[in-house]
Protein chains: 2
Amino acid sequence: MSVGHTAVTTPAEETRPVVWCEEGVDCGIRDLLHRLGDRWTVLVVVELAQGVRRFRELQRAVPGISQRMLTLTVRRLERDGLVSRTVHPTIPPQVEYELTPLGHSLTHLVRAMADWSYDHHDAIVDSRQSWDAANPESEIR
Amino acid sequence: MSVGHTAVTTPAEETRPVVWCEEGVDCGIRDLLHRLGDRWTVLVVVELAQGVRRFRELQRAVPGISQRMLTLTVRRLERDGLVSRTVHPTIPPQVEYELTPLGHSLTHLVRAMADWSYDHHDAIVDSRQSWDAANPESEIR
DNA sequence: CGGCATCCGAAGTGATACTG
DNA sequence: CAGTATCACTTCGGATGCCG
């Protein structure tokens, strides 16, 4: 086994890493987070978690996304095996997107992130406010 | 309650969203993911999960990070209330970083992401390989 | 030691126009 | 409908130099 985990519950008592790999690699976790962390992926995955969607349906369901970014987002998800793309050679063309089982297994994590975000959203907003008040000149945002 | 969740386990049977908020807002989940998805935050959090670290200790523990990016990363974590920063006015100066309880609570999620990444890393790599083989001209990477 | 200021290239994103 | 192509703008990240 080249990866290890240790649950961390209490501050200042932990000595072993939460995540590590043999040569300090991240075993793809940052790849995943970098993908989920972009502007649209999570919103598209959440919409697809509800069922099969056509291209325009997705675009209408994710307000503000451009055609270009929707294309890029679903392409990358397809490349990673999280989304399947089915082309029906009709006129007009019809393309259906659907989460794969792998993609569906990720919705659990997305939900866990949403839970955490929701639970601690106020705390983070408060922390940012007081930090900004204490550092009015800072460019960090 | 303005946020709702529905577990999704089986494909093509889900009709309710995994994550939603009243006006289609993401309740901070993309904020969080965008932060965790950057190049260094997770690595810094993982290192700090092991205990208190000084600035240079952190930099040595996270190979490849520049002074600038380490500063930005810990500043943003501090602003969000995930990391505390303690300055000892000694000569030379000594600054200690430590996860707050809020930050520690996030290590659970990081571990869940790492678990998922580890479990499905091979599947994703394989999927990317065959996609790249099937789309040799594509710029998507 | 622990930063900050500056410059530069790379990547992400948006708007627009065009196509099978 | 479902894209592709191009351009412009913004953000991210690395390198370097300076400072208390």
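Quick note on labels: first sequence line is chain A, next is B, and so on, each numbered from 1. These numbers come from a predicted model, not from an experiment.
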Visitor: Measure from CD1 on A/Ile65 to P on D/dA2 and round the result to the nearest Å.
Guide: 14 Å
Visitor: Distance-only, no hydrogens or angles: does the B/Ser105 side chain make a donor-acceptor pair with backbone N or O of B/Leu102 under 3.5 Å?
Guide: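 At least one qualifying donor-acceptor pair exists.
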Visitor: Please list, one pair per line, the donor and acceptor atoms closer than 3.5 Å that link side chains of residues 86-93 of chain A to other protein atoms, with sequence neighbours excluded.
Guide:
{"unit_1": "A/His88", "atom_1": "NE2", "unit_2": "A/Glu96", "atom_2": "OE1", "d": "3.3"}
{"unit_1": "A/Thr90", "atom_1": "OG1", "unit_2": "A/His88", "atom_2": "O", "d": "3.4"}
{"unit_1": "A/Thr90", "atom_1": "OG1", "unit_2": "A/Pro92", "atom_2": "O", "d": "2.8"}

Visitor: Please answer whether the main-chain N or O of A/Asp126 pairs with a side-chain N or O of A/Ser130 as donor and acceptor at a distance below 3.5 Å.
Guide: yes
Visitor: Sorted by first residue and then second, give each salt bridge (charged side-chain N to carboxylate O under 4.0 Å, His left out) pair with at least one member in residues 33-48 of chain B; sequence neighbours left out.
Guide: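 Residue pairs passing salt bridge (charged side-chain N to carboxylate O under 4.0 Å, His left out), neighbours aside: B/Arg35-B/Asp80, B/Glu47-B/Arg53.
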Visitor: Test B/Arg85 against B/Arg75 for side-chain contact (heavy atoms from CB on, under 4.5 Å), laying out the working first.
Guide: CA-CA 9 Å; B/Arg85 178 173 177 269; B/Arg75 278 298 174 288; 3.4 Å; yes
Visitor: Tell me every residue that passes side chain to side chain contact (heavy atoms under 4.5 Å, CB included) with A/Leu36, counting only those two or more places apart in sequence or in another chain.
Guide: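 A/Leu36 satisfies side chain to side chain contact (heavy atoms under 4.5 Å, CB included) with A/Leu32, A/Thr41, A/Val42, A/Leu106, B/Leu33, B/Met113 once adjacent residues are dropped.
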Visitor: Taking the side chain as every heavy atom from C-beta outward, state whether B/Val62 and B/Leu70 have any atom pair closer than 4.5 Å.
Guide: no
Visitor: DNA chain D: A/Glu57 or B/Ser66, which has the more 5' nearest nucleotide?
Guide: A/Glu57
Visitor: Can you find a pair of side-chain heavy atoms, one from B/Ile140 and one from B/Asn135, that are under 4.5 Å apart?
Guide: no
Visitor: Using heavy atoms and a sub-4.0 Å distance, could you list which residues of residues 82-97 of chain A are near DNA chain C? By number, please.
Guide: A/Pro93
Visitor: Using the closest heavy atom to pick a nucleotide of DNA chain C for each, name whichever of B/Arg60 or B/Arg141 lands nearer the 5' end.
Guide: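 Checking each residue's closest nucleotide, the 5'-ward one belongs to B/Arg60.
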Visitor: Can you tell if the side chain of A/Arg128 reaches within under 4.5 Å of the side chain of B/Asp31, non-hydrogen atoms only?
Guide: yes
Visitor: When you match A/His34 and A/Gln67 each to their closest nucleotide on DNA chain C, which lands nearer the 5' end?
Guide: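 That would be A/His34.
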Visitor: Among residues 35-42 of chain B, which residues get a heavy atom nearer than 4.0 Å to DNA chain D?
Guide: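 Output list: B/Asp38, B/Arg39, B/Trp40.
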Visitor: Quick one: ring-ring contact (aromatic ring centres under 6.0 Å, His included) partners of B/Trp40, sequence neighbours excluded?
Guide: none
Visitor: If we fit an axis to the first five pairs and another to the last five of the helix from C/dC1-D/dG20 to C/dG20-D/dC1, what angle do they make, to the nearest 10°?
Guide: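 Roughly 40° between the end axes, to the nearest 10°.
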Visitor: Can you run down the side-chain hydrogen bond (donor to acceptor under 3.5 Å, both in side chains) pairs that involve residues 59-73 of chain A, sequence neighbours left out, and say none if there aren't any?
Guide: A/Arg56-A/Gln59
Visitor: Below 4.5 Å, heavy atoms only, C-beta onward: do A/Arg30 and B/Leu43 meet side chain to side chain?
Guide: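 The answer is yes, as the side chains (C-beta and beyond) meet within the 4.5 Å cut-off.
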Visitor: Go through the structure and list residues passing ring-ring contact (aromatic ring centres under 6.0 Å, His included) with A/His34, not counting sequence neighbours.
Guide: none
Visitor: Restricting to ring-ring contact (aromatic ring centres under 6.0 Å, His included), what partner residues turn up for B/Trp131, sequence neighbours left out?
Guide: none
Visitor: Please report the shortest heavy-atom distance between B/Val83 and B/Leu99, naming the atom on each side.
Guide: CG2-CD2, 3.7 Å
Visitor: Chain A on DNA chain C: first and last contacting nucleotide, 5' to 3', under 4.0 Å to a heavy atom?
Guide: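 Contact span on the strand: C/dG12 to C/dG20.
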Visitor: To the nearest angstrom, how far is A/Leu58 atom CG from D/dG3 atom P?
Guide: 10 Å
Visitor: Using a strict heavy-atom distance below 4.0 Å, which residues from residues 68-81 of chain A are in contact with DNA chain D?
Guide: A/Arg68, A/Thr71, A/Arg75
